[in-house]
Every structure is written in structure tokens, then in C-alpha cells.
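Notes to accompany the following structure.
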2 protein chains.
Amino acid sequence: MPIPNENDPKSRVWPIFLATHSRLIERIDEALTRAKLPPLAWYDVLWELEKAPDQRLRMHDLAKRVVLSRSNLTRLADRLVAAGLLYREPCPDDRRGSYCVITQAGLETRKTMWPVYGEQIEGLFACHLNAAETEVLIKAMTRMLKAL
Amino acid sequence: MPIPNENDPKSRVWPIFLATHSRLIERIDEALTRAKLPPLAWYDVLWELEKAPDQRLRMHDLAKRVVLSRSNLTRLADRLVAAGLLYREPCPDDRRGSYCVITQAGLETRKTMWPVYGEQIEGLFACHLNAAETEVLIKAMTRMLKAL
DNA sequence: AGTATATAGTTGCATTTTCAACTACTTTAG
DNA sequence: CTAAAGTAGTTGAAAATGCAACTATATACT
């Protein structure tokens, strides 16, 4: 979206990056909806919990990993709890805090979502990248993330 | 976020792509807020209008360009109108439709936002890409967009 | 022409997200 | 030990978003 020099690559790359991201997310969420599955955000939360040691994480940590504001995550977690995909457990060391723990149903839901999600990633994104390009993307973006 | 083979580049690139995008957007919006400027979405709309012939676009076209649902755009436009940055004009050819036209104040707001926005793009994103990488990103993402 | 279908845009309602308190507990410093 | 400051998480109210229904107009079909 930015401005001038529409032909200078340096200026074109950011708008393309933005457009690509939003169109891909749009498509993936559509696919999940069509399959009557929960949205992308749920997958992220479930997957972070599944990977975590003891399949549990403090709200704070979880929020950081999925890039959500704290209050936002509180309510997203409420919804997941209501859906039976995770539960909260008080934290023994720090009585202010609590853990989110993924349930069996949560594990299963994530597993059900994966084929649909994965197919979209492959078909819309990954299939357009050869090995060299993949490496370039990873290196460049990792650099950005480290600098943040 | 996806699943297995955390070490296979092909699997790692998508989660990194997602994380990079959300952290960058987060930072840029923070910078705009700090500078007491409107959010990114406003910039997009203003810039699309500024570029457009006669500095006006039909709602429909505008929505597609900024990747927003129609109803969403209606209300975003309402807010921009309320802020005096654009106005609506009935379309003579098609009496169902209307144009969004950017105002002088809209042009100025966009111009005020650019230094802050541009600085963030450069400092968080573009500065991490050399010429070759920039080309790779553009080519790969353009390919994805075309296929959508 | 006359009806059926499609398109542009808006609106009501439910859901989601954000912002600013607020509670409860922990840590630091005197 | 106590007071001050910091941290974890939740909550109420307001703003933003998405979905489905709706109005108005345009296009296609018979």
C-alpha cells in the first residue's frame, strides 16, 4: 500500500506481502468454515498447548505465542473451555496465575483440523515455493523476528 | 503453527510467515498509535483512493483492493466520512452505487501518516531484505496471488 | 414488455476485539 | 515486617467485525 516508486522492488514488496497474507488467511478460514471446523485462531491455541510440556501453558505464555492481547486470550480461552477443548488449572507456584490445559477433545479437534488446514497451506502457499525460495523466506523472516 | 517435522523447512516456513506478519502489524500499529495517527486500515483506504483515477472508487472496488468484506467497508467508510477524510457521491451510471472520494483532509492525513508508516516498514521489514531476497519474495508471493 | 435473477450497498444482530479499570497475589526496598 | 510497585489474569463497556437479511437498481431471459 505504501507510496511512491511503484516500480522499485523495495517499495513493492511490502504491499505484496500484506495482500498475500490477508488473501491466504481469508481462503484458509473459508476452507475451515466449509468443513464446519473452528477458525484458525483455535488451531493455533490448541497446537501451542499440544506442543507444550505437560500440554499446558500459562495464559501469559500462550498469549505471547499466539500473538493475542491478554484480555483477548482470556475470552478465546473461555470459548475453548465452553467447547470442552481445554480447561484451566490453578498454578501451585503462583496463586495469581492459572494454566490452560488441552483436553482429549482438544487434541482430537486439532487433529481433525489439521488435514484441512494443512491442505490449504500446501495448496495455496507451500506449493508455490521451491526449496531455495523456502530457505530465503525462512532466513529473511527469522531475521526480522529476531530484531523485533 | 502447523504440525509435524518441525525441522523440515517446508513445514517451518508457514508458521514463521504468520508470526512475522502479526508481529510486524502489531509494531506498526503501535507506532501509529504513539504518533496519535489513525490505524493502518485507514492508510490503506486513503492510499487506494488517492491512487485511483479521479481519486474515487466504488465501494465494491475499494473493498476488493483493501481486502475487506463489503459490510465492513461500509462502516469503515462511515468512520472516515465522520472524520472528514472522504465523502460519498452517488454514481450517475448506476443508481445503486456510490463513489468514495478522498477529501483534501484525507490526502493530508495520508501524507502525515506516511513518514511514520514508511519508517516502520523500512526499519522492521525492508532493511532485512537484500535485493535478491526482495526479488524472491516478490516473485513467490505474486505467484501465490495469481493462483488465488 | 414482464418476470426472474444478479449486483451495489446498507443495516440489525450476534460475536469478537480492544481499552481501561480492577482484583488478587508476588516481589522489591526500606 | 511493611509499604510500594509490579505481574497475572479477568471483566465491563465501547468499538469493530462478520453474517444474514433487506432495499434498490440493473441485467438476462422468455
Side-chain angles (χ1 to χ4, degrees), chain A residues 21-23 25-34 36-45 48-49 52 56-83 85-101, chain B residues 22 25-34 36-45 48-49 52 56-83 85-101:
Chain A
H21 177 271
S22 58
R23 295 234 154 80
I25 295 295
E26 202 178 30
R27 288 304 212 84
I28 293 172
D29 261 326
E30 274 170 28
L32 289 168
T33 304
R34 266 199 309 279
K36 306 212 199 278
L37 290 169
L40 215 42
W42 289 36
Y43 187 93
D44 279 10
V45 169
E48 289 300 334
L49 288 174
R56 72 190 51 211
L57 282 173
R58 296 285 296 267
M59 295 297 278
H60 194 71
D61 292 328
L62 186 51
K64 266 187 302 191
R65 293 181 206 218
V66 300
V67 194
L68 244 51
S69 69
R70 230 100 42 48
S71 72
N72 198 347
L73 178 63
T74 293
R75 302 201 227 222
L76 177 51
D78 289 345
R79 277 171 252 148
L80 289 249
V81 169
L85 307 185
L86 57 81
Y87 63 95
R88 286 186 173 88
E89 200 166 74
C91 174
D93 318 349
D94 185 340
R95 286 192 298 175
R96 290 169 305 186
S98 58
Y99 285 108
C100 279
V101 192
Chain B
S22 57
I25 296 294
E26 203 178 30
R27 288 303 213 85
I28 293 171
D29 259 325
E30 275 169 28
L32 289 168
T33 305
R34 265 199 309 280
K36 307 213 198 279
L37 290 169
L40 217 42
W42 289 35
Y43 187 93
D44 281 8
V45 169
E48 288 302 333
L49 290 173
R56 72 189 53 211
L57 282 174
R58 296 286 294 267
M59 294 299 276
H60 194 73
D61 292 328
L62 187 50
K64 265 187 302 192
R65 294 182 205 219
V66 300
V67 193
L68 246 49
S69 69
R70 230 96 44 40
S71 74
N72 199 346
L73 180 63
T74 294
R75 305 204 226 218
L76 177 52
D78 289 345
R79 277 170 252 149
L80 289 249
V81 169
L85 306 186
L86 57 81
Y87 62 95
R88 286 187 172 85
E89 200 167 76
C91 174
D93 319 349
D94 183 339
R95 284 192 299 172
R96 292 169 302 184
S98 58
Y99 285 109
C100 278
V101 193

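Keep in mind that what you see is a predicted model, and the values were worked out from it rather than measured. When reading the values below, keep in mind they use all heavy atoms of this one structure, side chains included, and skip hydrogens, waters and symmetry mates. We name chains A, B, ... by the order of the sequence lines, and we start the count at 1 in each one.
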How many Å lie between [atom1] on [X] and [atom2] on [N], as a whole number?
X     : N      : atom1 : atom2 : value
B/D29 : D/dA16 : CG    : P     : 12 Å
A/R88 : D/dG9  : CZ    : P     : 10 Å
A/D93 : D/dT7  : CG    : C1'   : 15 Å
A/K64 : D/dT7  : NZ    : C1'   : 12 Å
A/L62 : D/dA8  : CG    : C1'   : 13 Å
B/E89 : C/dG9  : CD    : C1'   : 16 Å
A/E26 : D/dC19 : CD    : P     : 10 Å
B/N72 : D/dT17 : CG    : P     : 5 Å

Quiz item: A/S71 side-chain donor-acceptor pair to C/dC19 base, under 3.5 Å: yes
Residue list, salt bridge (charged side-chain N to carboxylate O under 4.0 Å, His left out) with B/E89, at least two apart or on another chain: B/R56
Partner residues of A/R23 under the salt bridge (charged side-chain N to carboxylate O under 4.0 Å, His left out) criterion, sequence neighbours left out: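 A/R23 satisfies salt bridge (charged side-chain N to carboxylate O under 4.0 Å, His left out) with no other residue.
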Which atom pair, heavy atoms only, marks the closest approach of [X] to [Y]?
X     : Y     : answer
B/P39 : B/D29 : CA-OD1, 3.7 Å
B/S22 : A/V67 : OG-CG2, 3.6 Å
A/Y99 : A/P90 : CD1-O, 4.4 Å

Contact list for DNA chain C against residues 73-83 of chain B - heavy-atom distance below 4.0 Å: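 Result for residues 73-83 of chain B: B/T74, B/R75, sorted by number.
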Sequence-aligned protein contact record of nucleotides 3-8 of chain C, with B where the base is within under 4.0 Å of a protein heavy atom and S where only the sugar-phosphate is: ---BBS
Stepwise side chain to side chain contact (heavy atoms under 4.5 Å, CB included) test for A/L86 and A/V45: CA-CA 10 Å; A/L86 57 81; A/V45 169; 4.1 Å; yes
Donor-acceptor contacts, no H, no angles, side chain residues 70-80 of chain B, under 3.5 Å, sequence neighbours left out:
{"from": "B/T74", "atom 1": "OG1", "to": "B/R70", "atom 2": "O", "distance (Å)": "3.3"}
{"from": "B/D78", "atom 1": "OD1", "to": "B/R88", "atom 2": "NH1", "distance (Å)": "3.0"}
{"from": "B/D78", "atom 1": "OD1", "to": "B/R88", "atom 2": "NH2", "distance (Å)": "3.0"}

Side-chain donor-acceptor pairs of residues 57-64 of chain A under 3.5 Å, sequence neighbours excluded:
none

Estimated bend of the helix from C/dA1-D/dT30 to C/dG30-D/dC1 (axis per five terminal pairs, rounded to 10 degrees):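 Helix axis angle between the two ends: 20°.
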Those residues that, when tested against B/R27, pass side chain to side chain donor-acceptor pair (under 3.5 Å) (two or more places apart):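 By the side chain to side chain donor-acceptor pair (under 3.5 Å) rule, B/R27 matches no residue at all.
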Euclidean distance, B/W42 CH2 relative to B/L32 CG, rounded to 0.5 Å: 12.0 Å
Interatomic distance, A/T33 atom OG1 to A/I28 atom CD1 [nearest 0.5 angstrom]: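 Going from OG1 on A/T33 over to CD1 on A/I28, the span is 11.5 Å.
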B/R95 vs C/dG9: side-chain N/O to OP1/OP2 distance below 4.0 Å: no
Which residue lies more 5' along DNA chain C, comparing A/A41 with A/P92 via nearest heavy atoms: A/A41
